[in-house]
Amino acid sequence: MSKNALPKRSENYSEWYNDLVKRADLAENSAVRGCMVIKPYGYSIWEKMQRALDDMFKATGHTNAYFPLFVPKSFLEKEEGHAEGFAKECAVVTHYRLKANPDKKGGLMVDPESKLEEELIVRPTSEAVIWSTYKNWVQSYRDLPILVNQWANVVRWEMRTRLFLRTTEFLWQEGHTAHATADEAIAETKQMLDVYATFAETYMAVPVIRGVKTANERFAGAEDTYCIEAMMQDGKALQAGTSHFLGQNFAKAFDVQFSNRENQLEHVWGTSWGVSTRLMGALVMAHSDDNGLVLPPKLAPIQVVVVPIYKTDEQLAAISEKVAEIQKALAIKGISVKFDAREGMTPGFKFADWELRGVPVRLALGERDLAGGTIEVSRRDKERGEEGAKTVQPIEGIAEYVETLLADIQANIYQKALTFREANTVRVDSYDEFKTIMARDESRGDGSVGKFVLAHWDGTSETETKIKEETKATIRCIPLVGQFDSATEEGTCIYSGKPSKQRVLFALAY
RNA sequence: CGGACUGUAGCGCAGCCCGGUAGCGCACUACUUUGGGGUAGUAGAGGCCGUGGGUUCAAAUCCCGCCAGUCCGACCA
């Protein structure tokens with residue numbers, strides 16, 4: 001463990017992020033270009049995310065299945081928009097065998113004899129494989145809906161990668177559903193967007209904006225892409241989840257038809273929706289501070305850590321005995337506790353260490369406490385020295401106190417993130433002002449943050465593209481009704497001056 | 001794929017200009033010390049100096065090639 005402090009968020013946000021992910025033992029770069037190793041501590045958080053999401057999927061009627069890693073090239077070609085969207089970032093399997101390299105002792109080479117008849121694409125997403133399968137599953141309206149989810153890895157050959165935010169291989173879940181009517185499919189699309197938003201807000205404590213993507217930003221092959229967008233602490237937007245209404249595009253491409261009640265053939269209606277290990281990045285960037293991670297209690301692998309403070313073995317024994325009682329009381333409440341009895345480390349070192357790892361509550365127990373029947377309680381959501389960051393509580397009833405405190409921390413970090421987002425969301429009516437705001441983020445290092453900008457847009461791709469070229473800002477989404485008070489007011493486009501029906505959300509994005 | 005930079009101990013780096021026995025900090029091992037906010041000391045272990053070639057009595061250091069990585073652009077969950 002290095003003694004050196006993390007870089008400060010205000011000085012170099014991306015360096016702070018990279019360093020934190022590595023130092024907190026979430027993940028590290030692997031020997032494979034663009035691919036990360038998710039370390040046990042990081043993976044524990046992902047598992048908690050998975051469990052919560054999976055329960056929510058099950059509760060909404062979905063079941064899990066598994067489809068192949070490989071997609072025959074001809075499958076990917078079938079849906080034109082889809083093929084175009086993903087073609088540039090696919091890993092392709094062309095051979096199935098290696099052999100000894102005659103030119104290099106001990107070396108291997110691709111056996112040219114083993115060339116595949118048809119190339120296999122490592123899935124960048126599974127619509128193609130899954131819809132080719134659904135064709136066999138659907139004959140009648142009685143076979144619908146199909147409500148399937150898959151937990152899997154996918155590969156997208158990105159030019160530049162960053163731990164969790166964009167890696168060549170990433171873990172995710174992808175739901176793929178098939179329905180008899182468009183209305184039902186649209187309802188499913190919206191339902192899953194709600195599931196994602198609920199998850200982000202109640203588990204991750206990350207407030208999100210629900211919206212619809214513009215045509216430019218839409219998923220390749222979808223009719224409509226719904227999304228949740230979150231603000232990171234540098235003011236940039238992170239797309240945290242997407243839910244797509246696929247219309248009949250894939251059903252037509254893969255010839256998936258069913259007989260309706262009137263015995264007429266119809267193409268089925270589809271949806272797909274996914275969230276990925278990118279959520280880990282969102283979690284880090286939304287809450288953590290210059291001392292390390294700040295994890296929401298609902299996702300923290302360790303919710304409470306107990307640090308003993310002692311000089312002699314006798315003291316440690318007495319403390320350990322008391323800690324065992326506390327641990328038991330917390331365990332009954334389903335709270336995970338770690339007793340950090342590591343020897344040869346000072347309490348100060350341990351404090352810093354657990355702060356770096358984002359453990360929500362830290363208890364410190366020493367001689368003084370034992371004598372007075374008290375225990376020191378520190379909450380990670382407040383910074384060192386901040387009012388209320390550290391208090392002394394009676395040991396009696398500490399489990400109840402901690403239980404309440406964890407709930408309070410969960411609520412507090414959500415509120416902090418929400419307050420931050422609201423403070424950095426602005427309505428803008430002139431393009432000059434817009435450019436100034438978007439340019440500010442270019443010169444990070446002065447502690448300034450980017451903004452979410454609600455502005456009028458004329459609805460054309462041309463305008464959207466121009467604005468992106470000139471400012472790098474993109475339309476994150478057209479917010480759903482009810483997200484912002486005046487979002488549905490009419491106005492004129494900041495760029496073209498043409499009429500606009502509502503404000504859309506612009507931001508610089510990850 | 002274009003531009004810049006970097007490859008030396010597990011990690012972070014110095015040494016290179018000016019060639020001559022491989023260094024520092026952290027981490028690691030043992031012992032001691034310390035312990036209510038990153039203790040301190042003693043001893044120790046750990047290196048094909050990215051890789052291939054060249055120049056030289058001698059190369060981490062100079063020259064050429066290659067490979068890898070990071071950052072900045074174009075692409076994206």
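So you know, we letter chains A, B, ... as the sequences are listed, proteins then strands, and number each from 1.
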Identify, between A:Arg162 and A:Lys468, the residue whose nearest nucleotide on RNA chain B lies closer to the 5' end.
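Checking each residue's closest nucleotide, the 5'-ward one belongs to A:Arg162.
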
Pairwise 5' ranking along RNA chain B for A:Phe170 and A:Tyr310, keeping only the more 5' one:
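On the 5' side of the pair lies A:Tyr310.
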
Please tabulate, one pair per line, each protein N/O and nucleotide N/O from nucleotides 8-11 of chain B that are separated by under 3.5 Å, including the distance.
none

Are the side chain of A:Lys350 and the backbone N or O of A:Asp340 linked by a donor-acceptor pair below 3.5 Å?
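Present.
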
Would you confirm whether the ring centroid of [Y] sits within less than 6.0 angstrom of the ring centroid of [X]?
{"X": "A:His82", "Y": "A:Phe250", "value": "yes"}
{"X": "A:Phe57", "Y": "A:Trp273", "value": "yes"}
{"X": "A:Phe219", "Y": "A:Phe86", "value": "yes"}

Distance between [atom1] atoms of [N] and [M] (Å, rounded):
{"N": "B:rA74", "M": "B:rC62", "atom1": "C1'", "result": "38 Å"}
{"N": "B:rG36", "M": "B:rG25", "atom1": "C1'", "result": "28 Å"}
{"N": "B:rG7", "M": "B:rU51", "atom1": "C1'", "result": "11 Å"}
{"N": "B:rC67", "M": "B:rA30", "atom1": "C1'", "result": "41 Å"}
{"N": "B:rA60", "M": "B:rC17", "atom1": "C1'", "result": "14 Å"}
{"N": "B:rC26", "M": "B:rU39", "atom1": "C1'", "result": "15 Å"}
{"N": "B:rG35", "M": "B:rC71", "atom1": "C1'", "result": "42 Å"}
{"N": "B:rA43", "M": "B:rA58", "atom1": "C1'", "result": "35 Å"}

Between A:Trp172 and A:Phe170, what is the ring plane arrangement, given parallel below 30°, perpendicular above 60°, and tilted in between?
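Aromatic pair A:Trp172/A:Phe170 classed perpendicular.
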
Do NZ/NE/NH1/NH2 and the carboxylate oxygens of [X] and [Y] come within less than 4.0 Å?
{"X": "A:Lys39", "Y": "A:Glu28", "answer": "yes"}
{"X": "A:Arg362", "Y": "A:Glu355", "answer": "yes"}
{"X": "A:Glu158", "Y": "A:Arg278", "answer": "no"}
{"X": "A:Asp353", "Y": "A:Arg357", "answer": "yes"}
{"X": "A:Glu127", "Y": "A:Lys78", "answer": "no"}

Could you check which residues of [range] get a heavy atom under 4.0 Å from RNA chain B? Sort them by number, please.
{"range": "residues 364-390 of chain A", "value": "A:Ala364, A:Gly366, A:Glu367, A:Arg368, A:Asp369, A:Glu376, A:Arg384, A:Lys390"}
{"range": "residues 271-291 of chain A", "value": "A:Ser276, A:Arg278"}
{"range": "residues 190-204 of chain A", "value": "none"}
{"range": "residues 339-348 of chain A", "value": "A:Met345, A:Thr346, A:Pro347, A:Gly348"}

Tell me the partner of [N], counting only Watson-Crick (N1-N3 plus N6-O4 or O6-N4) or G-U wobble (N1-O2 and O6-N3) with both under 3.5 Å; none if nothing fits.
{"N": "B:rC26", "answer": "B:rG10"}
{"N": "B:rG50", "answer": "B:rC66"}
{"N": "B:rU56", "answer": "none"}
{"N": "B:rC1", "answer": "B:rG73"}
{"N": "B:rC16", "answer": "none"}

Below the 4.0 Å mark, does B:rG73 have OP1 or OP2 next to a side-chain nitrogen or oxygen of A:Lys472?
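Checking B:rG73 against A:Lys472, a side-chain N or O does come within under 4.0 Å of OP1 or OP2.
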
Distance-only polar pair, side chains of [X] and [Y], donor-acceptor under 3.5 Å:
{"X": "A:Glu188", "Y": "A:Gln191", "value": "yes"}
{"X": "A:Thr271", "Y": "A:Thr177", "value": "yes"}
{"X": "A:Thr474", "Y": "A:Arg476", "value": "yes"}

Only one of A:His244, A:Glu217, A:Arg218, A:Lys213 clears side chain to side chain donor-acceptor pair (under 3.5 Å) with A:Thr225; which?
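The option that passes is A:His244.
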
Students often get this wrong, so: under 4.0 angstrom with heavy atoms, is A:Thr167 touching a base, only sugar-phosphate, or nothing?
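Contact class for A:Thr167: base.
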
Which part of the nucleic acid, if any, lies within reach of A:Gln239 when heavy atoms closer than 4.0 Å are counted: base, sugar-phosphate only, or nothing?
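Since only primed, P, OP1 and OP2 atoms lie under 4.0 Å of A:Gln239, the category is sugar-phosphate.
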
Go through it in stages, so that I can follow the logic: the residues are A:Arg9 and A:Glu383, the test is salt bridge (charged side-chain N to carboxylate O under 4.0 Å, His left out), and I'd like the CA-CA distance, side-chain angles, deciding distance and then a yes or no.
CA-CA 14 Å; A:Arg9 283 167 296 177; A:Glu383 300 226 18; 3.4 Å; yes

Taking only the side-chain heavy atoms of A:Glu158 (C-beta and beyond), determine which of B:rG35, B:rG37, B:rC75 contains the nearest atom.
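Comparing B:rG35, B:rG37, B:rC75 against the side chain of A:Glu158, the answer is B:rC75.
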
Atom pair CG/CD1 of A:Leu370 and A:Ile395 - distance to nearest 0.5 Å:
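Here the interatomic distance stands at 6.0 Å.
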
If we only count heavy atoms from C-beta on, is the A:Thr242 to A:Cys227 side-chain gap below 4.5 Å?
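The answer is yes; the side chains approach within 4.5 Å.
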
By salt bridge (Lys or Arg N to Asp or Glu O under 4.0 Å), which residues pair with A:Lys322, not counting sequence neighbours?
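With neighbours one apart ignored, the set is A:Glu325.
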
